[in-house]
Amino acid sequence: MSTPVEISDLVHRYCDAVVRKDRDQWASTWAPNAHWDLGRGRAMNGTEAIIDYWVSAVDGFDAIVQFAHNGEATIDGDKGTGRWYISEHTQRRDGTTGILLAYYDDTYAVVEGHWRFASRAITILYRGPADLSGTFSPVS
């Protein structure tokens with residue numbers, strides 16, 4: 001199954017905005033009334049809450065480099081679902097570095113003629129030192 005180009009572009013625009021800490025571009029990837037679930041009780045509803053949380057979170061980093069790797073999406077009219085694997089390399093303001101390996105389960109919606117995230121829920125496979133000496137979570 002091929003991934004629709006528009007969904008792939010959405011995912012890559014999201015990652016690009018993370019790297020550049022571009023609030024406006026990042027915000028433009030979300031549908032109104034979206035849901036973002038980062039696990040461990042960190043779930044936000046609505047674009048205002050999502051954007052406020054993200055701005056606060058990225059402020060704690062000097063550098064973030066996020067990559068989208070393999071993924072796929074299934075489209076049904078103006079809705080869709082997908083899964084995308086990501087890696088994120090970070091340097092916090094205190095100088096500590098780390099890596100995140102995860103995947104997002106997404107839902108998509110067309111808003112004003114463009115695909116947007118209706119929801120994103122992350123599953124973390126690894127979060128820890130960049131040398132991968134931490135503990136990996138099993139893949140389900």
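Owing to the predicted nature of the structure, the values given are computational and were not obtained by experimental measurement. Just so it is clear, the values below take in all heavy atoms, side chains as well, and ignore hydrogens, waters and symmetry mates.
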Looking only at non-hydrogen atoms, find the nearest pair between Trp26 and Ile51 and report the distance. CZ3-CA, 4.0 Å

Which heavy atom of Pro4 sits nearest to which heavy atom of Ala73, and what is that distance? CD-O, 3.7 Å

Please test Arg120 against Asp37 for side-chain contact (heavy atoms from CB on, under 4.5 Å), starting from the C-alpha separation and ending with a verdict. CA-CA 6 Å; Arg120 297 203 94 187; Asp37 188 346; over 6 Å; no

Whether the side chain of Arg42 engages the backbone of Gly39 through a donor-acceptor N/O pair (distance < 3.5 Å, no angle test) should be reported. yes

Could you tell me the separation between the CD atom of Gln66 and the CG atom of Leu100, rounded to the nearest 0.5 Å? 8.0 Å

Answer yes if Ile122 and Ile99 sit in the same cluster of Ile, Leu, Val, Met, Phe, Trp and Tyr residues linked by side chain heavy atoms under 4.5 Å apart, and no otherwise. no

From His69 NE2 over to Ile86 CD1, what is the distance, rounded to the nearest 0.5 angstrom? 8.0 Å

Can Val65 be reached from Ile124 by stepping across I, L, V, M, F, W or Y side chains whose heavy atoms are under 4.5 Å apart? no

Least distance between heavy atoms, Val58 atom then Lys21 atom: O-NZ, 3.4 Å

Taking all non-hydrogen atoms of both residues, which atom of Trp115 and which atom of Glu6 are closest, and how far apart? CD1-CB, 3.4 Å

Do Leu101 and Tyr85 belong to the same hydrophobic cluster, where Ile, Leu, Val, Met, Phe, Trp and Tyr are linked whenever their side-chain heavy atoms lie under 4.5 Å apart, directly or via other members? no

OH of Tyr103 to CZ of Arg83: how many Å apart, nearest 0.5 Å? 4.0 Å

Same cluster or not: Leu38 versus Val11, using hydrophobic residues (I, L, V, M, F, W, Y) connected whenever any side-chain heavy atoms lie under 4.5 Å apart? yes

Within this structure, what is the OG1-CZ distance for the pair Thr47 and Arg116, rounded to the nearest 0.5 Å? 11.5 Å

Cut-off 3.5 Å, side chains only: do Asp106 and Tyr108 have a donor facing an acceptor? yes

Salt bridge (charged side-chain N to carboxylate O under 4.0 Å, His left out) between Asp59 and Arg93, worked out: CA-CA 8 Å; Asp59 189 49; Arg93 295 224 183 263; 3.6 Å; yes

Run the side-chain contact (heavy atoms from CB on, under 4.5 Å) test on Asp24 and Asp22 for me, step by step, so that the C-alpha distance in whole Å, both residues' side-chain angles and the decisive distance to 0.1 Å come before the verdict. CA-CA 6 Å; Asp24 293 336; Asp22 185 328; 3.9 Å; yes

Inspect the surroundings of CG in Asn33 and state if more than 12 heavy atoms from other residues, nucleotides or ligands are less than 6.0 Å away. no

Quick one, Val18 and Trp54 - any side-chain contact, counting heavy atoms below 4.5 Å? yes

Mind listing the closest non-hydrogen atom pair of Gly134 and Pro129 along with its distance? N-CD, 4.2 Å

Let me confirm one number: the CD1-OG1 distance from Ile50 to Thr29, rounded to the nearest 0.5 Å. 9.0 Å

For Ala118 and Ala31, work out which heavy atoms get closest and say how close. CA-CB, 4.2 Å

May I ask you to check whether Tyr104 and Trp84 place their ring centres under 6.0 Å from each other? no

Any donor-acceptor pair under 3.5 Å linking the side-chain atoms of Arg13 with those of Gln25? no

A quick test of your reading: do over 12 heavy atoms of other residues, nucleotides or ligands sit less than 6.0 Å from CG of Asp94? yes

What class does the angle between the rings of Tyr14 and Phe117 fall in, given that below 30° is parallel, 30 to 60° is tilted and above 60° is perpendicular? perpendicular

For the residue pair Thr97 and His89, confirm or rule out a side-chain donor-acceptor distance under 3.5 Å. no

Enter the distance from Trp30:CH2 to His35:NE2 here, rounded to the nearest 0.5 Å. 9.0 Å

Assess the side chains of Ser119 and Thr107: does a donor N or O sit below 3.5 Å from an acceptor N or O? yes

